[in-house]
Amino acid sequence: MDVRELYQELILDHGKRPRNFRVLNAATHTAHGHNPLCGDKLVLHLVLDDGGKITDAAFQGAGCAISVASASMMTELLKNKTRDEAQKLFTYFHALATGETTPAFPLNDTDTARLQALSGVRNFPVRVKCATLAWHTLKAALEGATTTSTEGA
Amino acid sequence: MASPVRHIAAPLNTLAIRRDFPVLQQDIGACPLVYFDNAASSQRPTAVLKAMDDFYQHDYANIHRGVHTLSQRATDAFEAARARVARFLGAQRAEEIIITKNATEAFNLLANSLGGLLQQGDEVLVSELEHHANLVPWQMAAQRYGLTLQKIPITETGTIDPDDVRRRLTSRTKIVAVAHVSNVMGTVVPIREISQLAHAAGAWMVVDGAQAAPRMAVNVAQLGADFYVVTGHKLYGPSGIGALYGRHDLLQKMPPWQGGGNMISEVFFDHSTWREPPFRFEAGTPPIAEAIGFAAALDYLSALSLDAVAAHEDMLLQKAEAMLRTMSSVRVLGAPPHRAGILSLVMDDIHAHDLGTILDQHGIAVRAGHHCAQPLMQRMGVPATLRVSFGLYNTPDEIDVLENALHDAKKIFGVA
């Protein structure tokens, strides 16, 4: 397994220059994610409108290139998704990252490319949690929880 | 404390030594394994595997119980292992060695048992560079017994200044708990000076020797340690076994912390009486074969001479430090006056976990993370480090492999 399949250009770019890396004062949903085994931490902010659509998503935190890139790309993917779509996206990404069969989910080409880039972790089992931390935090935020941990909340 | 001038032993023959460690004879992917994760756990030689295998095949039974031959043989072997640990640490008698399952259990035993001897408001001084194993049990004891936990900060270079310890000792200080060697930076802490100060203030000295014992000759009397903790799996022995040295007169005062079989003298329905140390502190069936393996590991290590091991790791450390100094974007944590076999580094713009994954692709096993020393990470202002830790089987050529892998990581991440 070539390590360059994990550290693709897109991952390195988002890892170095994360998008939506800021606080959202208008956030309606906020959750903290923590991986106690490695110390990675992030806080995710979402703005959901009355119809349950995500109008803005942002995060802050510290971690490895994989976890920062994953959070960065996730916030880009979430915009204009409904709560229901975001939950399905979580299930889809979780399956993709852990090497399971992915459920059907309609994605445009840009989003597909982002998720494919992140899916390189499935060949590096010890790094799967780096990629899924942001997504577990998303799930927690949508479910109204304020914290989540990769090692059981 | 070992120092470069004491290294007069013959150099290690690593070529021959490596043949004793079957696990090292393998490739990771397409690269030969370079095992630089010895501070997390070392590998074990065939002598240890064989000792445990022989014991299971010929002598195994539970100890201190049966009247049959196997039980007697197993008991003799277990007690011989205890005596072996005593000799290794320079203890006066075998009864000063308590067999534990690891270093963590030894600290929990101490915090629970010693904690009960203290008065509310008494102080426990713990250094900032401790592994969680020598911090969290004291936090718990402080809560339970109303003790006050006080911090010994580290200096700018990453060591502990005895003068600073002197200023922090009060009439209420009853325990000083410090690592002999930092598991993150390799700092060799001036234990002898600190224990003299602790004793002058009427405090007991607890030393975490988990990282020191595999890297230098240890003598608890010379160090002035009242308690000294080691673990088997870092000493080229099995996991699931450790040992606590405790001064005999202190052990006799200490209450047990776990109850059950073996630790009792007499049991009535509503109360019991305790055996003498060390048995008072060994409830239940101990790790028996692991003790046999542990003793074999100490035989192996002592036959090579700890001074020779210290000199070997010094040589590797010097080569690694020189290599890292020439490399841009790399920072080695701390610059203590004396380091032993362990160093931590951070790289600009590459997180330690990403580095660890890339090094693994080169066959290099290292640890990336907080190393169970989060207060130290907070003090150094880093979330995680890459830790390189040497063992007696590592070679200078392996440091060239590390250098090459670090350059590769910089190339992948586009770091200058």
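From a predicted model like this one, the values you see are computed outputs, not experimental measurements. Letters A, B, ... mirror the listed sequences (proteins, then strands); counts begin at 1.
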* **Stepwise side chain to side chain contact (heavy atoms under 4.5 Å, CB included) check, B:T357 with A:Y7** => CA-CA 10 Å; B:T357 294; A:Y7 294 110; 3.9 Å; yes
Under 6.0 Å from the [atom1] atom of [X], do we count more than 12 heavy atoms belonging to anything else shown?
X	atom1	answer
A:K79	NZ	yes
B:K319	NZ	yes
B:Q25	CD	yes
B:Q143	CD	no
B:Q26	CD	yes
A:K139	NZ	no

* Asked: Closest heavy-atom contact between B:H353 and A:R127?
  ->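 Smallest interatomic distance, heavy atoms only, reads O-NH1, 2.9 Å.
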* Do you know which two heavy atoms are closest between B:I412 and A:R4, and how far apart they sit? -> CG1-NH2, 3.6 Å
* To do: Quick one: pull up CG in B:D349 and CG in A:L12 and give me the separation to the nearest 0.5 Å.
  =>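 Reported value, rounded in 0.5 Å steps: 11.5 Å.
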* Against chain A, label B:D354 side chain, backbone, both or neither, depending on which of its atoms sit under 4.5 Å from a heavy atom there. => both
* Heavy-atom distances under 4.5 Å only: say whether A:I66 touches chain B with side chain, backbone, both or neither. => both
* Asked: Hey, is the main chain of A:A62 close enough, under 3.5 Å, to the side chain of B:H351 for a donor-acceptor pair?
  ->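 Checked: no pair found.
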